[in-house]
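Notes follow once the structure below has been shown.
Keep in mind the model is a prediction, meaning the values are calculated, not measured. Computed from heavy atoms alone, side chains included, the values below leave out hydrogens, waters and symmetry copies. Each chain gets a letter, A, B and so on, in the order its sequence line appears, and its residues count up from 1.
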Amino acid sequence: MSCYKGKYADELIANATYIGTPGKGILAADESTGTIGKRLSSINVENSESNRRALRELLFCTPGALQYISGIILFEETLYQKTAAGKPFVEVMKENKVLPGIKVDKGTVELAGTNGETTTTGLDGLAQRCAQYYEAGARFAKWRAVLKISANEPSQLSINENANGLARYAIICQENGLVPIVEPEILVDGPHDINKCADVTERVLAACYKALNDHHVLLEGTLLKPNMVTPGSDSKKVAPEVVAEYTVRALQRTMPPAVPAVVFLSGGQSEEEATVNLNAMNQYKGKKPWSLTFSFGRALQQSTLKAWAGKEENVKKAQEAFLARCKANSEATLGKYQGGAAGEGATESLHVKDYKY
Amino acid sequence: MSCYKGKYADELISNATYIGTPGKGILAADESTGTIGKRLSSINVENSESNRRTLRELLFCTPGALQYISGIILFEETLYQKTAAGKPFVEVMKENKVLPGIKVDKGTVELAGTNGETTTTGLDGLGQRCAQYYEAGARFAKWRAVLKISANEPSQLAINENANGLARYAIICQENGLVPIVEPEILVDGPHDINKCADVTERVLAACYKALNDHHVLLEGTLLKPNMVTPGSDSKKVAPEVVAEYTVRALQRTMPPAVPAVVFLSGGQSEEEATINLNAMNQYKGNKPWSLTFSFGRALQQSTLKAWAGKEENVKKAQEAFLARCKANSEATLGKYQGGAAGDGATESLHVKDYKY
């Protein structure tokens, strides 16, 4: 009946807490080979291992950026890659007090009898993979469950199945020394309003925390990566203060204080929107016994990618764009972002309908 | 899918919050006729309506006591009783900013196929009864679910059934303007250690909060009345700081911050023990985004009862004992209790095996 108290317990708690350090957050750089291919092709760059390596080096070695980053989520390939000078990326991170993380799920498959709802796969052999990743330097993991909102969705089956999968993944990670990021993403797609998003988010999070309790997960050694509570993509936008209020309230109603931090996903939000919303959350006055920080992929890299365009001569400019976004989000975790870090593309919506990656 | 947002929502939130006001707590004076009979007989007093009325007047009209009390839980008979001078008790409370509460359950019955485990009854006609009680001045309610710890208990059935009953009771209360106190008491009986109590408490509370979410209960308009996390009654006692640590941790792992306050039951603890443990909890350094206060019955009345012994000439002395305990517990909610409020009987254990009332 008790939660995980094994050999990694103290380390899990320390690492999860560190990731939520005020002023720091996560860079989600775990795009699979297929997904990063789409990003590269959008700037006319070939999807080669060398280019993938070059892009990640550009990000991880941006002077001054890593002080704002507590963890980087990697795709498996990247965990074993090095800088051009031959230094393993995990070394670069270690030297800069950044925890390496690893995406461990194997993507989604459809649930029969539902209207296109999915569950996430990857439990088979997960323990062994986690142990190997720990050996390679990883200290946290990520697993993305996906739900959607429409007239009859998410179904009870989808909620139960995804919550259970997240809980199984979480305890297996902990047994192998990795802090599990629990990510139940509710897609922003749809014409629904913010109330509907709030209701679904609260229901999904309640199911997740019941499942985590059932599976004996040590909450102090986990992180939550939820969507912010917003109107649907086909619905009118609301002010950041409203997003903040609804999001914090949803968390207050479902997330036990034992969880040290929330690392928000950016979904389809533009770089600037994601930062401004995160900032509003940290300014919001109300009970918030957990850190509220970021785990952004597209919302940290979009401008950088555009500035780089695959060209060596653009690296410095691209790194400046990346540094600006890291600093902006760092300030947002402290409620101190003043705006104005927008570079080219920073206000561009990054929404892709029914996003799969 | 959304939680209760009906006509009483704002009132429920403000009443629940008020009950958790630092420095205040609840007097549980809802002993049924049978149970109060046992108390009265222990001091050789006849169990007549007049004596029951006299005892309650002694308590509610103790000069200076009600400033420490935010709510009093009543048995139905008492809700309609008056002082000797003819003033309704609910008037006395209103004048002193004390919210009247009402016990609404109808006791426990055994669950077939279990080893003496129970569920709580009282859902039939509960809506109408709550509406009547609201009319009579009640603003909160209480329903006691009971679980026990042993080799095979609590069973999943007992946990599910009691959590579900609490959630049904809670939403019905809210629909009728009463703040529901959710009380899943895990009896202290047994030789188990504090770790076992913690594990069971966490499992039970997780089930309760999942059920409350399923039943669309507005958490901001509820209170929790749990047992403190302690060793079993047949096991070695531990220091108050340990009780504090284990109890707060169990709450951190299961109780969403939206709930404004925890109003601990005293179980079989002596008056002094209950106060000291509550004090230790309020001194404990950690995430505590809810008030931690008291809802004590025996642990507020024991010394008072002994001092009164049913005699008019003892009323003043009895009221002094009651005032001392109220003040002591008020200080404990602020972490400022220095000890020394012990009167005759204050350190006497109030444990009765397999307590039913």
Residue pairs involving residues 277-290 of chain B (criterion side chain to side chain donor-acceptor pair (under 3.5 Å); sequence neighbours excluded): B:Q269-B:N277
Looking only at non-hydrogen atoms, find the nearest pair between A:P256 and B:Q252 and report the distance. CB-O, 3.0 Å
Rounding to 0.5 Å, atoms CG (B:D214) and NZ (A:K210) come to a distance of 9.5 Å
Would you say B:D234 has more than 12 foreign heavy atoms packed within less than 6.0 Å of its CG? yes
Rounded to the nearest 0.5 Å, what separates atom CD in A:E202 from atom CG in B:N213? 7.5 Å
Go through the atoms of B:A207 and report whether side chain, backbone, both or neither lie under 4.5 Å from a heavy atom of chain A. both
Could you name each residue pair satisfying ring-ring contact (aromatic ring centres under 6.0 Å, His included) that touches residues 190-212 of chain B, not counting sequence neighbours? none
Measure distances from B:L212 to the heavy atoms of chain A and classify the residue's part below 4.5 Å as side chain, backbone, both or neither. neither
Looking at SG of B:C3 and CZ of A:R249, how far apart are the two atoms once the value is rounded to the nearest 0.5 Å? 8.0 Å
Between A:E220 and B:R253, is there a side-chain N and carboxylate O pair less than 4.0 Å apart? yes
Distance col, row B:M255:CE vs A:M255:CE, nearest 0.5 angstrom, shows 15.5 Å
Heaviest contributor of heavy-atom pairs below 4.5 Å to chain B, chosen from A:P257, A:A258, A:A206, is A:P257
Rounded to the nearest 0.5 Å, what separation is found between the CG atom of B:N195 and the NZ atom of A:K5? 5.5 Å
Other residues, nucleotides, ligands: >12 heavy atoms within 6.0 Å of A:D193 CG: yes
